[in-house]
A.B. asks: 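There's a structure below that I have some questions on.
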Amino acid sequence: MTDTAPELDRLRGGAPPRNHDARTIAALTSNPGCARRGVMDAAGVDKEAVARALGFPAPFGQSQFAITRGNAFEAQVKADGCAELLTLLRDRLGLDVPEVAYDDLEVVAGNEGRELRHSRTRRLLARALEAGEGTLFDHPLLRLEIAGCPAYLEPDVIAFQLAGRLHVIEIKSFAVVDGQAEPEQVAAAARQSAVYVLALRRLVAELGHDPARVSHEVFLVCPENFSNRPTATPLDVRPQLAVLERQLARLTRVDELLAELPDGLTFEAGDALAASVRAVEARYAPECMSGCEMALFCRDEARECGATGALGRSVRDDLGGVDTIGTALALADGSLAPSDDLAETAEQLRAAARLRAEALDGAA
């Protein structure tokens with residue numbers, strides 16, 4: 001994708017690129033038909049800053065207190081070569097974890113460069129796979145192709161080898177109370193962990209080994225009962241992996257998306273920012289509110305033009321090629337003659353309109 005690099009740089013308007021992480025990839029693949037998010041993420045655009053400049057700041061975010069608490073908990077779990085983590089895996093989960101080596105890959109020889117860190121990750125993983133040793137890798141830098149464009153992942157995870165298989169450990173700061181955690185938080189952790197598992201599997205395959213040597217079972221480490229004492233829970237991410245691989249395959253390639261954009265388009269802050277954003281087609285659905293920084297802007301845009309997507313993905317999918325609510329209503333009341341490809345949809349809409357009318361008459 002080096003031929004598209006200048007175009008992606010121009011889209012950012014001189015701002016430094018924001019790197020993909022597991023959360024952004026999981027959110028992108030949950031809505032693979034959205035060209036707007038695909039272009040912005042490929043270019044490393046700071047979507048939060050763009051949304052704020054447009055007057056539609058992101059509806060979610062993590063407080064500084066939560067970030068600080070999470071960093072402190074992670075540091076505690078990883079202290080002294082992950083001594084507490086190893087004790088937890090052995091005692092709490094009863095795993096037969098042998099003595100292990102520990103490698104911190106966040107910085108290599110004082111250098112935080114991505115290529116250098118990724119090369120060292122490859123080298124150490126190759127050695128571990130060949131030797132079959134139980135080795136802990138802290139902050140391995142992974143790479144995953146997203147719509148034809150390589151994205152580097154800098155996970156706060158540890159991959160360790162047990163009985164010849166690599167596992168991913170995800171450390172989160174949300175609490176597990178009486179053996180239960182917030183389902184939405186666990187689901188988000190599972191989606192993010194699946195991204196790491198997939199990236200690790202593809203790296204293992206590149207190294208000439210069976211990707212199945214990366215286990216689909218990850219270990220989620222969280223504080224127990226609002227204390228700082230960690231607890232670990234196995235998490236099977238096979239369903240999330242299946243969805244992730246299917247959705248990644250559906251993403252339109254970045255070079256194809258760029259070919260459809262107007263010449264000179266940029267997301268640099270200024271009077272033309274709103275027009276620039278609107279020039280890239282979005283695919284809004286209410287589900288975007290929980291995972292995309294541009295959701296409020298796209299929702300306002302969808303309401304303004306009466307897009308069927310504003311009613312939810314299931315409604316939009318059921319209506320097929322009917323893009324606006326106005327068109328759907330006109331097909332339903334017969335004031336608009338359908339084209340051949342919309343004949344069946346129009347008949348369903350007319351039937352729904354008759355049922356609604358009968359229900360209203362009965363209620364009256």
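One is the number of the first residue; the rest follow in order along the sequence.
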A.B. asks: I'd like to check Y196 versus V237 (side-chain heavy atoms, cut-off strictly below 4.5 Å). Are they in contact?
C.D. replies: no
A.B. asks: Which atoms form the tightest heavy-atom contact between V195 and A26, and what is the distance?
C.D. replies: CG2-N, 4.3 Å
A.B. asks: Should D236 and V218 be marked as a side-chain contact (heavy atoms from CB on, under 4.5 Å) after you check the CA-CA gap, both sets of side-chain angles, and the distance that decides it?
C.D. replies: CA-CA 6 Å; D236 188 339; V218 305; over 6 Å; no
A.B. asks: State plainly whether the residues K172 and E170 are in salt-bridge range, i.e. N to O under 4.0 Å.
C.D. replies: yes
A.B. asks: If we only count heavy atoms from C-beta on, is the T231 to V221 side-chain gap below 4.5 Å?
C.D. replies: no
A.B. asks: Do you see a donor-acceptor pair shorter than 3.5 Å between the side chains of R143 and Y152?
C.D. replies: yes
A.B. asks: Would you call E245-R250 a salt bridge at under 4.0 Å N-O?
C.D. replies: no
A.B. asks: Take L220 and F174, measure what side-chain contact (heavy atoms from CB on, under 4.5 Å) needs, and give me the verdict at the end.
C.D. replies: CA-CA 11 Å; L220 185 61; F174 59 81; 4.0 Å; yes
A.B. asks: First locate atom CG of L244, then atom OG of S193, and finally report the distance between them rounded to the nearest 0.5 Å.
C.D. replies: 11.5 Å
A.B. asks: Looking at R18, I'd like to know if its CZ atom is crowded, meaning that more than 12 non-hydrogen atoms belonging to other residues, nucleotides or ligands lie closer than 6.0 Å.
C.D. replies: no
A.B. asks: Without swapping roles, check the side chain of R117 against the backbone of E106 for a donor-acceptor pair under 3.5 Å.
C.D. replies: yes
A.B. asks: Just so I know, are the side chains of L125 and L200 near enough to count as touching, which here means a heavy-atom distance under 4.5 Å?
C.D. replies: yes
A.B. asks: In Å, rounded to the nearest 0.5 Å, how long is the span from CG of D255 to SG of C149?
C.D. replies: 9.5 Å
A.B. asks: Taking the side chain as C-beta and beyond, is there a heavy-atom pair between R37 and M294 under 4.5 Å?
C.D. replies: no
A.B. asks: Considering non-hydrogen atoms only, spot the tightest contact between P262 and R10 and give its length.
C.D. replies: O-NH2, 4.5 Å
A.B. asks: So, for S173 and G70, which heavy atoms are closest and what is the spacing to 0.1 Å?
C.D. replies: CB-CA, 3.6 Å
A.B. asks: Checking R12 side chain against E268 main chain: does a donor-acceptor pair fall under 3.5 Å?
C.D. replies: no
A.B. asks: For atom CZ of R23, is the number of surrounding heavy atoms from other residues, nucleotides or ligands below 6.0 Å larger than 12?
C.D. replies: yes
A.B. asks: Show your reasoning for whether side-chain contact (heavy atoms from CB on, under 4.5 Å) applies to L86 and L136.
C.D. replies: CA-CA 10 Å; L86 290 171; L136 284 167; 4.1 Å; yes
A.B. asks: Where do A295 and Y284 come nearest, in terms of heavy atoms and distance?
C.D. replies: O-CE1, 3.7 Å
A.B. asks: Can you find a heavy atom in the side chain of C292 that is under 4.5 Å from one in the side chain of K47?
C.D. replies: yes
A.B. asks: How far apart are the C-alpha atoms of K78 and D138, what are their side-chain angles, what is the distance that settles it, and do they pass the side-chain contact (heavy atoms from CB on, under 4.5 Å) test?
C.D. replies: CA-CA 8 Å; K78 294 181 178 180; D138 190 357; 2.7 Å; yes
A.B. asks: Please report the interatomic distance CD(E145) to CZ(R253), rounded to the nearest 0.5 Å.
C.D. replies: 6.5 Å
A.B. asks: V39 versus L8: any side-chain heavy-atom pair under 4.5 Å?
C.D. replies: no
A.B. asks: How long is the span from the CD atom in E74 to the CG atom in L85, to the nearest 0.5 Å?
C.D. replies: 11.0 Å
A.B. asks: Treating D41 as the side-chain partner and L28 as the backbone partner, does any N or O pair qualify as donor plus acceptor under 3.5 Å?
C.D. replies: no
A.B. asks: Applying ring-ring contact (aromatic ring centres under 6.0 Å, His included), name anything that partners F297, two or more places apart in sequence or on another chain.
C.D. replies: F56
A.B. asks: Would you say the side-chain atoms of R350 pair up with the backbone N or O of G334, donor to acceptor, closer than 3.5 Å?
C.D. replies: no
A.B. asks: Group every Ile, Leu, Val, Met, Phe, Trp and Tyr by side-chain heavy-atom contacts under 4.5 Å, then state whether V176 and L88 land in the same group.
C.D. replies: no
A.B. asks: Does V204 reach the side chain of D210, with side-chain heavy atoms less than 4.5 Å apart?
C.D. replies: no
A.B. asks: Is N225 reaching over with its side chain to a backbone N or O of S227, donor-acceptor style, under 3.5 angstrom?
C.D. replies: no
A.B. asks: Pick from L261, L265, V50, L11: which one makes a side-chain contact (heavy atoms from CB on, under 4.5 Å) with S276?
C.D. replies: L265
A.B. asks: Return the minimal non-hydrogen interatomic distance between V280 and F267, and the atom names on each side.
C.D. replies: CG2-CZ, 3.9 Å
A.B. asks: Please check if atom CG in D91 has more than 12 non-hydrogen atoms from other residues, nucleotides or ligands closer than 6.0 Å.
C.D. replies: yes
A.B. asks: Whether the side chain of H118 engages the backbone of L141 through a donor-acceptor N/O pair (distance < 3.5 Å, no angle test) should be reported.
C.D. replies: yes
A.B. asks: Taking R238 for the side chain and H216 for the main chain, is one N or O donor matched with an acceptor at less than 3.5 Å?
C.D. replies: no
A.B. asks: Measuring from atom CD of Q247 to atom OG of S30, what distance do you get when rounded to the nearest 0.5 angstrom?
C.D. replies: 8.0 Å
A.B. asks: Taking A49's backbone N and O only, do any of them form a donor-acceptor pair with D46's side chain (distance below 3.5 Å, no angle check)?
C.D. replies: yes
A.B. asks: How far apart are the closest heavy atoms of C222 and F73, and which atoms are they?
C.D. replies: C-CZ, 3.5 Å
A.B. asks: Spell out, as yes or no, whether a donor-acceptor pair under 3.5 Å connects the side chain of H139 to the backbone of F137.
C.D. replies: no
A.B. asks: Between the side chains of R278 and E301, is the shortest nitrogen-to-carboxylate-oxygen separation below 4.0 Å, so that they form an ion pair?
C.D. replies: yes
A.B. asks: If Ile, Leu, Val, Met, Phe, Trp and Tyr residues are connected whenever their side-chain heavy atoms lie under 4.5 Å apart, and connections chain through other members, are L153 and V243 in the same group?
C.D. replies: no
A.B. asks: With a 3.5 Å cut-off and no angle check, do the side chains of S335 and D333 form a donor-acceptor pair?
C.D. replies: yes
A.B. asks: Just wondering, do L105 and P140 contact through their side chains at under 4.5 Å, heavy atoms?
C.D. replies: yes
A.B. asks: Any carboxylate oxygen within less than 4.0 angstrom of a Lys/Arg side-chain nitrogen, looking at E347 and R354?
C.D. replies: yes
A.B. asks: Taking atom CG of L329 and atom CG of L349, what is their separation to the nearest 0.5 Å?
C.D. replies: 8.5 Å
